[in-house]
Structures are given as structure tokens and as C-alpha cells.
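Data block below; observations after.
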There are 2 protein chains.
Amino acid sequence: MNTLSYGLLALLSQGPCTGYELMLQIQPVWQAKHSQIYPLLAKMEQNGLVQFVAVPQKEKPDKKVYSITESGIAALRQWIPEPTSEPVKRDELLLKLYGVWLADPEKAVQLFEERLQTFTKRSVKLKAFLETLHKQMEEEGGTRSLSSPSFGRYILLKRALDNARMEMEWCEWALQLLREQGSLDSDSVQGNLGKRS
Amino acid sequence: MNTLSYGLLALLSQGPCTGYELMLQIQPVWQAKHSQIYPLLAKMEQNGLVQFVAVPQKEKPDKKVYSITESGIAALRQWIPEPTSEPVKRDELLLKLYGVWLADPEKAVQLFEERLQTFTKRSVKLKAFLETLHKQMEEEGGTRSLSSPSFGRYILLKRALDNARMEMEWCEWALQLLREQGSLDSDSVQGNLGKRS
DNA sequence: GAACGCATGTAAGGGGTTACATGATTTG
DNA sequence: CAAATCATGTAACCCCTTACATGCGTTC
């Protein structure tokens with residue numbers, strides 16, 4: 001039982017899911033491919049943490065709808081208060097920034113613009129999701145309550161949006177810095193190319 | 001040559017470093033242990049991308065001070081404009097939030113308070129670092145310029161601080177939500193424990 | 001008609017963590 | 001006096017990515 005397994009249990013605690021759906025839902029928090037999830041689910045099923053019902057589909061392979069078992073819930077409850085490891089982040093763009101000073105300045109601009117675009121798109125999607133969830137929760141009666149399975153989804157979505165906004169602002173800030181430079185010494189560019197101390 | 005190797009090259013483009021120093025410096029952007037970095041540096045040395053000078057130390061094993069070679073710089077320049085893969089994030093806390101609704105509500109509070117503390121500490125350190133860098137750059141003459149090796153460090157630090165602040169605000173927001181709940185229905189707690197639909 | 005989404009699985013290989021090994025100096 | 005920091009390295013193992021494999025329906 002590794003972290004990802006517990007994460008799958010946590011998602012399943014909110015309701016039955018197929019492996020494919022789990023793979024999609026876990027992406028924002030923990031990147032994992034289907035090739036990692038399917039074998040894990042099979043193992044967890046053998047250990048009695050989850051169970052599945054095969055749902056036949058017309059002209060397609062069976063869909064396996066997984067749900068958490070009582071012993072799965074027990075395992076999940078025991079995991080939550082255990083010491084939580086710190087988040088892991090690996091960002092190629094940030095690595096490139098250490099070396100960008102000896103590259104073409106317009107390459108630096110491109111780097112930031114690309115990232116700005118990805119996160120602009122992401123924030124649009126997230127906003128839409130958040131609104132949908134809001135309406136859902138209002139229909140479900142009460143306000144955002146801890147005891148509701150939607151609670152986790154809600155604060156996670158909010159966080160994702162906050163993060164996307166931060167990312168965008170940071171890109172815009174950096175681009176402004178770069179453009180100031182570019183206009184100030186437009187021909188010192190050649191001077192820095194190909195030289196190193 | 002994988003991403004981490006290029007990252008090490010990027011760091012070395014800013015000046016000579018020991019493997020140990022590289023390991024420390026790369027942490028905020030790309031978590032890697034010394035056991036991964038030392039063998040990589042050895043390979044890169046064999047491929048002529050970096051070179052090292054052994055500096056003897058009293059009563060300690062030799063310190064290897066690495067520096068980037070001309071062919072290392074060429075490789076670095078070629079890497080920067082290549083397509084950049086999206087950041088990877090794995091956060092155990094966020095996984096736990098999906099399952100927290102069936103656990104003790106005070107466990108949820110603990111989860112957020114722990115994270116808030118870690119990022120409060122981190123932000124204090126980052127602020128100090130940023131001020132040091134600011135002074136350094138003022139002494140070095142010009143304003144924050146792209147052509148300075150410090151440029152990458154500067155925008156990276158700024159970003160790390162932004163991120164820490166966002167993380168803190170999010171924790172405080174979530175804690176407020178949780179405390180509202182706790183005071184509103186202090187005995188619905190038992191009602192939700194041990195039950196599932 | 002090529003590409004994407006749904007839907008499941010396996011295999012190989014590279015990337016990353018944990019543990020083993022050593023040893024002096026400094027800090028709490 | 002124990003723990004952390006500096007400093008390097010190896011080995012085993014697990015985690016994760018990439019690629020292979022299949023097949024239908026829908027969208028551009």
C-alpha cells in the first residue's frame with residue numbers, strides 16, 4: 001500500500017468509480033497514468049480493500065465499477081492521521097530559468113508566454129467547475145459542510161484556482177520585467193550572446 | 001541526459017559548485033537526493049559536459065568542485081528552447097482531503113495547521129533570502145537584468161514566496177470554514193462517525 | 001479519415017527513494 | 001551527548017513513464 005493506493009481509496013470513499021474515472025479525477029492532485037492505476041486496483045481488490053462489479057457494454061470490453069469495502073474504509077481512516085509527507089514539485093520551466101541568462105532573451109519571453117497561456121486556459125476551466133459545484137451544493141441543501149463528500153472537492157478546486165491565478169500573475173510580472181529590459185538595452189543583446197566570463 | 005542533468009548544467013552555468021551544493025540549490029525547483037546527483041555528475045563528466053577540480057580538505061574526503069564546459073554550455077543552450085513539459089505535483093495532503101469527511105473533524109484541522117506552520121516557516125526564510133539577493137544585486141550595479149546570472153534566482157525566489165503566501169492564505173481560509181462548522185453543529189460529529197450510505 | 005474520448009490491460013526501462021557506509025565539526 | 005551539517009559514494013527496490021495492444025463512437 002503506497003500513497004497512490006490510499007488516494008484511490010479516498011476518492012472511492014466518495015462513491016463508486018471506474019479505474020478510468022479515478023485516473024481522470026486524481027490528475028490535479030497526483031499525476032498518475034492508467035497503466036499505474038489498473039494494476040493497483042487489481043491488487044487492492046485481492047486484498048479486500050475494494051470490490052468491483054463488471055458492467056457489460058455493447059461492443060466494448062466490460063467496465064469495472066469499483067467501490068470501497070468496510071476494510072478499505074478502515075485502512076483509509078487509519079491513514080489520514082499518519083504523518084503527511086511534504087508536497088513534491090518538479091517544474092522543468094523553473095530549471096530552465098537558471099540557465100536562461102545565457103540564451104536568447106526572446107526565448108525567455110516565449111517560455112513565460114507559453115506558461116501563461118496554459119494557466120489562463122486552466123483557470124477558465126476551473127472557474128466553470130467551481131460554479132457547477134456551487135450550484136450542486138446549494139441543491140444538496142446545507143452550506144459547505146465537512147461531513148459532505150463534496151467538501152474535499154470544493155476546497156481542492158478553490159486551491160487549484162488560487163494557484164492558477166498566482167501562476168498567471170507571476171508570469172505577467174516576469175514578462176513586464178523582461179520587456180522593460182528589452183526596451184532599455186535593445187542592442188546589448190548581441191553583446192551577451194556567445195560570451196561568458 | 002534527462003531533465004535533472006540539464007537542470008544541473010543550468011545551475012553550473014551560474015558558477016562552479018560541489019555536488020552537495022547543487023543538491024541543496026536545486027531542492028526548491030526539483031527535489032533530488034545526493035544519491036541521484038553524484039552518479040549523474042560522474043556521467044556528465046565522462047561525456048565532457050562538466051569538469052571538476054578535487055579540493056583536498058583536512059581530515060575529510062576531497063571536495064569536487066564542478067564547472068560547466070564549453071560543450072556543456074552548448075547542450076544547455078540547445079535544451080532551453082525545446083518544448084517544456086508541464087510541472088508535476090504530488091501532494092499527499094490533498095489526497096487526504098478527499099477522504100477527510102469520514103474522519104474525525106479535528107484531524108482535518110490538524111492537517112491544515114501542520115501545513116500552515118511549514119509554509120509560515122518557509123516564507124520567513126524566503127523573505128530573508130530575497131532581501132539578501134536584493135542587496136547583492138544593488139551592489140553588483142544595475143537593476144535586475146536578464147543578462148545577470150542572478151536574474152533566474154531572483155524571479156524563482158519571488159515565485160517561491162508568492163506560492164508560500166498563497167498556501168498560507170488557503171490554509172487559513174479552510175481553517176475558518178472548519179471552525180464555522182465546528183461551532184454550528186458540535187454534536188453532529190458523532191452522527192457522522194462510523195456511518196456511510 | 002485522422003484524432004480524440006472511453007475503456008482496459010501488460011511490459012520494459014528510466015527515475016527517484018531509502019538504506020548502507022564513513023567521518024569530522026558544530027550546534028542545541 | 002545527541003543531532004544536524006558538510007561531503008562523497010553504492011546498491012536495492014519501488015514508483016512512474018512510455019510504448020505496445022485492442023476497439024468502438026464521435027467530432028473536426
Side-chain angles (χ1 to χ4, degrees), chain A residues 1-8 16-46 50-66 83-92 95 121 125, chain B residues 1-8 11 16-47 50-66 83-92 95 121 125:
Chain A
M1 285 293 287
N2 55 23
T3 310
L4 178 55
S5 315
Y6 283 112
L8 294 173
C17 262
T18 66
Y20 189 78
E21 288 167 335
L22 287 170
M23 183 264 291
L24 291 177
Q25 284 187 50
I26 213 167
Q27 292 305 315
V29 168
W30 196 280
Q31 278 90 357
K33 316 279 157 123
H34 70 276
S35 53
Q36 203 183 356
I37 288 174
Y38 290 133
L40 266 187
L41 283 172
K43 263 187 205 164
M44 288 160 75
E45 194 263 339
Q46 277 176 8
V50 297
Q51 54 189 74
F52 69 86
V53 183
V55 177
Q57 297 181 109
K58 29 182 177 178
E59 325 259 12
K60 278 188 200 176
D62 282 10
K63 186 158 72 166
K64 290 184 181 177
V65 178
Y66 283 90
T84 309
S85 57
E86 282 192 38
V88 172
K89 293 180 186 181
R90 284 181 233 270
D91 193 334
E92 195 174 359
L95 282 181
K121 278 180 192 166
K125 280 181 193 171
Chain B
M1 285 294 285
N2 54 22
T3 310
L4 179 54
S5 316
Y6 284 111
L8 293 173
L11 274 173
C17 260
T18 67
Y20 189 77
E21 288 167 334
L22 287 170
M23 184 263 293
L24 291 178
Q25 284 187 49
I26 213 167
Q27 291 307 314
V29 169
W30 196 281
Q31 278 90 0
K33 315 282 157 112
H34 70 276
S35 52
Q36 203 182 356
I37 289 173
Y38 290 133
L40 265 187
L41 283 171
K43 261 187 208 165
M44 288 160 74
E45 195 264 341
Q46 277 176 10
N47 296 336
V50 297
Q51 53 189 77
F52 70 87
V53 183
V55 177
Q57 296 179 109
K58 30 180 179 179
E59 326 258 12
K60 276 188 201 175
D62 283 11
K63 187 157 71 166
K64 291 184 180 174
V65 178
Y66 284 89
T84 309
S85 57
E86 281 193 37
V88 172
K89 293 180 182 179
R90 284 180 234 270
D91 194 333
E92 195 175 1
L95 282 182
K121 279 180 190 164
K125 280 182 193 169

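Throughout, protein chains are lettered first and strands after them, A, B, ... in sequence-line order, and every chain is numbered starting at 1.
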*Between dT18(C) atom P and Tyr38(B) atom OH, what is the distance in whole Å?*
17 Å
*For the pair made of CG in Leu4(B) and P in dT17(C), what is the distance, rounded to whole Å?*
10 Å
_Nearest whole Å is fine: how far is dC24(D) C1' from Lys63(A) NZ?_
14 Å
*Qualifying side chain to side chain donor-acceptor pair (under 3.5 Å) pairs with a residue from residues 30-47 of chain B, counting only residues at least two apart or across chains*: none
*Closest heavy-atom contact between Ala32(B) and Met23(B)?*
O-CG, 3.7 Å
_Short side-chain N/O contact to dT8(D) OP1/OP2 from Lys64(B), under 4.0 Å_ = no
*Closer to the 5' end of DNA chain D via nearest nucleotide, is it Ser35(B) or Trp30(A)?*
Ser35(B)
*Lys33(B) side chain: which of dA7(C), dT10(D), dT17(C) is closest?*
dT17(C)
*Does Glu21(B) or Arg90(B) map to a spot on DNA chain D nearer the 5' end, using the closest nucleotide for each?*
Glu21(B)
*Indicate whether the side chain of Ser85(B) and that of Glu92(A) have a donor and an acceptor atom separated by less than 3.5 Å.*
yes
*Provide, to the nearest angstrom, the distance between the CG atom belonging to Leu40(A) and the P atom belonging to dC14(D).*
13 Å
*Of all heavy-atom pairs between Gly19(A) and Ile37(A), which one has the smallest distance, and what is that distance?*
O-CG2, 4.1 Å
*Of Pro39(A) and Thr3(B), the one whose closest DNA chain C nucleotide lies more 5'*: Pro39(A)
*Find the distance Gln36(A):CD to dG9(C):C1' and express it as a whole number of Å.*
14 Å
*Indicate whether OP1 or OP2 belonging to dA7(D) is found under 4.0 Å from a side-chain N or O atom of Gln57(B).*
yes
*Which one, dT8(C), dC6(D), dC6(C), comes nearest to the side chain of Leu24(A)?*
dC6(C)
_To the closest 0.5 Å, what do you measure between CG (Leu95(B)) and CG (Leu8(A))?_
8.5 Å
*CG of Asn2(A) versus P of dC15(D): gap in Å, rounded?*
4 Å
_Tell me the interatomic distance from Ile37(A), atom CD1, to dT17(D), atom P, rounded to whole angstroms._
10 Å
*dC6(D) phosphate, OP1 or OP2: any side-chain N/O from Tyr20(B) under 4.0 angstrom?*
yes
*Taking atom P of dT8(D) as reference, at what distance in whole Å does atom CD of Glu45(B) sit?*
14 Å
